Each structure stands twice: as structure tokens, then as C-alpha cells.
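Whatever order the structure lists ligands and atoms in, that order sets their numbers, starting from 1. Note that the structure is a prediction, hence the values are computed from the model and not measured.
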Amino acid sequence: MERFDVVLPCLDEAGALPAVLGALPPGFRPLVVDNGSTDGTPEIARRLGARVVSEPRRGYGAAVHTGIEQADTDIVCVIDADGSLDPAELPRLVEPVLAGRADLAVGRRVPTARGCWPWHARAGNALLAGLLRRRGLPVHDIGPVRAFRRADVLALGVTDRAFGYPLELLLRAAERSWRVVELDVGYGPRAKGTRSKVSGSVRGTLRAVNDMAAVLR
Ligand SMILES: Nc1nc2c(ncn2[C@@H]2O[C@H](COP(=O)(O)OP(=O)(O)O)[C@@H](O)[C@H]2O)c(=O)[nH]1
Ligand SMILES: [Mg+2]
């Protein structure tokens, strides 16, 4: 069976990891990238059988980039580890890449509950996705779940190491005329007892917007 490493950027996701790791389909191997969690995230991840690497530089992009570098499968997935997305949907994202129909498959979040996607995050996201469509990409979300060939994404040379990473990845994909496929994925509330680092607060959203604006300059 072909295997796929699944990069999980983690900052204090101990409460979410058991369910997230438990939902990975056969053949999808977790690679947890810890960023100085203080809630026991790396220990719990190891106990549940995940490979763990630690990335001392803070930031979503730093964690994701290190995870992709450390992965050792040809096709790699990236997904948030907060319980808001279902790892059972990863095979659907891998499929077009595996079949050679896409260079990058990204999830388009479809809320499954009220209130899990705050208006400020959604508005900023919709605006940026519109910008990407003008550059030729068929996307409606700057999604946090994706599948691609490891070597291809490393060759793209994404430089942002913070929350501009997902946008920069898509911009560079557009520049290279990559075949990007967007697929609906369910998006629910993060796991109970864990805290949002980005879009859960206006402050977090502003930080993400700031990081993304830097990418556009
Ligand atoms: N390694 C690492 N992961 C992060 C960092 N910030 C956020 N994350 C992870 O990135 C994912 C998305 O963050 P999250 O707080 O869910 O953002 P939100 O969905 O916008 O509230 C989660 O899996 C977080 O644990 C960071 O600085 N480093
Ligand atoms: Mg989240």
C-alpha cells in the first residue's frame, strides 16, 4: 500500500490529538511538528504512535515547512491538528495528485456547525481567495488542508514562516501555472479545551491578515 506522511503543525494541541490521530485512515502516517507546546503535546503524540519533530522557530509556516522537509513519502498531506478538520477526508485530497490530475489539492472549508468560522476570518479569507481567482486559481478558500508531491512544494521555495504561508504557497502555485484542485471539506469547532491561535480572535485574525499582506507586497 502506498503511504502518505501527514504533517500536523501543533501548538498546544494535546487535547485535540487523540481524536485527530485516531481518525487518520490506514496508510496515512502522522508527523507532528511541535513548536514549543507547554501542554504535553509531543509526549501525547509519541504515546499515540506519531513521529514527532520539534521546530524551535515559532510560526505555522516554520512548522509546516520543517514537516515537509522531514517527511519521507513522495506525496505529503498537511492538516490542522485542532480537531476542526476530519483526517478521514485526506484520501479524497490525495486522489487527484496520485492520479496525476493535480499538482496541489486544497480543501475548501464548509462549516458544519454555527459559530466555528468567525466573520472576520471568513471575510479576510474570501477577499484573498478572490485575488487568487484573478490570478487564475480556482479557489474559494485559503485552506489549511492540502496534498501535493513533496519535491514539488519544496521546489516552490515558499519563504513565509508565519501565517502567510498558505497564501504564499497558492500565489507561487499560480505563478507556475500549477493545476490546483479545490475540494469541499467539513469544518467544525476545534476540540474542547484547546485554544485558537489564529482566527478565533480578532487579534489573531489581524495577525494573519498582517502576515498575508506581507506576502502580497
Ligand atoms: N507548530 C505550530 N503550529 C501552530 C502555530 N500556530 C498555530 N499552529 C497550529 O496550526 C493549526 C491552526 O491553528 P489554529 O489555532 O487552529 O488557527 P485557527 O483555526 O485559525 O483558530 C493548529 O493545528 C495549530 O496547533 C505555531 O506557531 N506553530
Ligand atoms: Mg483551527
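Among protein heavy atoms, the minimum distance from atom 2 (C) of ligand 1 is reached at Asn35 OD1, 3.2 Å. From the protein, the heavy atom lying nearest to atom 9 (C) of ligand 1 is Pro9 O, 3.4 Å. Protein heavy atom closest to atom 6 (N) of ligand 1, with residue, atom name and distance, is Phe163 CZ, 3.4 Å. With hydrogens left out, the protein atom closest to atom 27 (O) of ligand 1 is Gly59 N, 3.1 Å, a heavy atom. Atom 25 (O) of ligand 1 has Glu13 OE2, 2.6 Å as its closest protein atom, hydrogens excluded (heavy atom only). Here the heavy atom of the protein found nearest to atom 3 (N) of ligand 1 is Cys10 N, 3.5 Å. Scanning all protein heavy atoms for the shortest distance to atom 21 (O) of ligand 1 gives Ser196 OG, 2.4 Å. Closest to atom 8 (N) of ligand 1 among all protein heavy atoms lies Leu11 CB, 4.1 Å.
Panel note: side chain Thr112, backbone Tyr187; a donor-acceptor pair is recorded below 3.5 Å. With hydrogens and angles ignored, the 3.5 Å screen pairs a side-chain donor or acceptor of Asn125 with a backbone N or O of Ile142. Side-chain N or O atoms of Arg149 include none that pairs as donor or acceptor with a backbone N or O of Asp103 at under 3.5 Å.
Contact annotation: the side chain of Val32 never approaches that of Pro42 to less than 4.5 Å [non-hydrogen atoms, C-beta and beyond]. Side-chain contact between Leu132 and Leu171 is present, with at least one heavy-atom pair separated by less than 4.5 Å. Residues Thr194 and Asp39 are not in side-chain contact: their nearest non-hydrogen atoms beyond the backbone lie 4.5 Å or more apart. Taking 4.5 Å as the limit, every side-chain heavy atom of Asp86 sits out of range of all side-chain heavy atoms of Val185.
Between Phe28 and Phe4, the ring-plane angle classifies as tilted under the 30° and 60° cut-offs.
In Lys197, the parts holding a heavy atom less than 4.0 Å from any atom of ligand 1 are both the side chain and the backbone. Residue contacts with ligand 1 for Leu8 are absent, since no atom lies close enough (heavy atoms, distance under 4.0 Å).
When the N, O or S atoms of Asp82 are ranked by distance to the Mg ion (ligand 2), OD2 comes first.
Geometrically, ligand 1 and Asp34 share no nitrogen or oxygen pair separated by less than 3.5 Å. Looking at ligand 1, you won't find any N or O of Ala63 less than 3.5 Å from one of its N or O atoms. The distance criterion of under 3.5 Å between nitrogen or oxygen atoms is met by Asp82 with respect to ligand 1.
For ligand 1, the atoms sitting less than 4.0 Å from at least one non-hydrogen atom of Arg190 are 14 (P), 15 (O), 16 (O), numbered in the order shown with element in parentheses. In the vicinity of Val33, heavy-atom distances shorter than 4.0 Å reach the ligand 1 atoms 1 (N). Listed by number with element, the atoms of ligand 1 under 4.0 angstrom from any heavy atom of Tyr187 are 19 (O).
Closest heavy-atom approach to atom 12 (C) of ligand 1 among the candidates Val32, Leu17, Asp80: Asp80.
Both Leu85 and Leu183 are members of a single hydrophobic cluster when ILVMFWY side chains are connected at heavy-atom separations under 4.5 Å.
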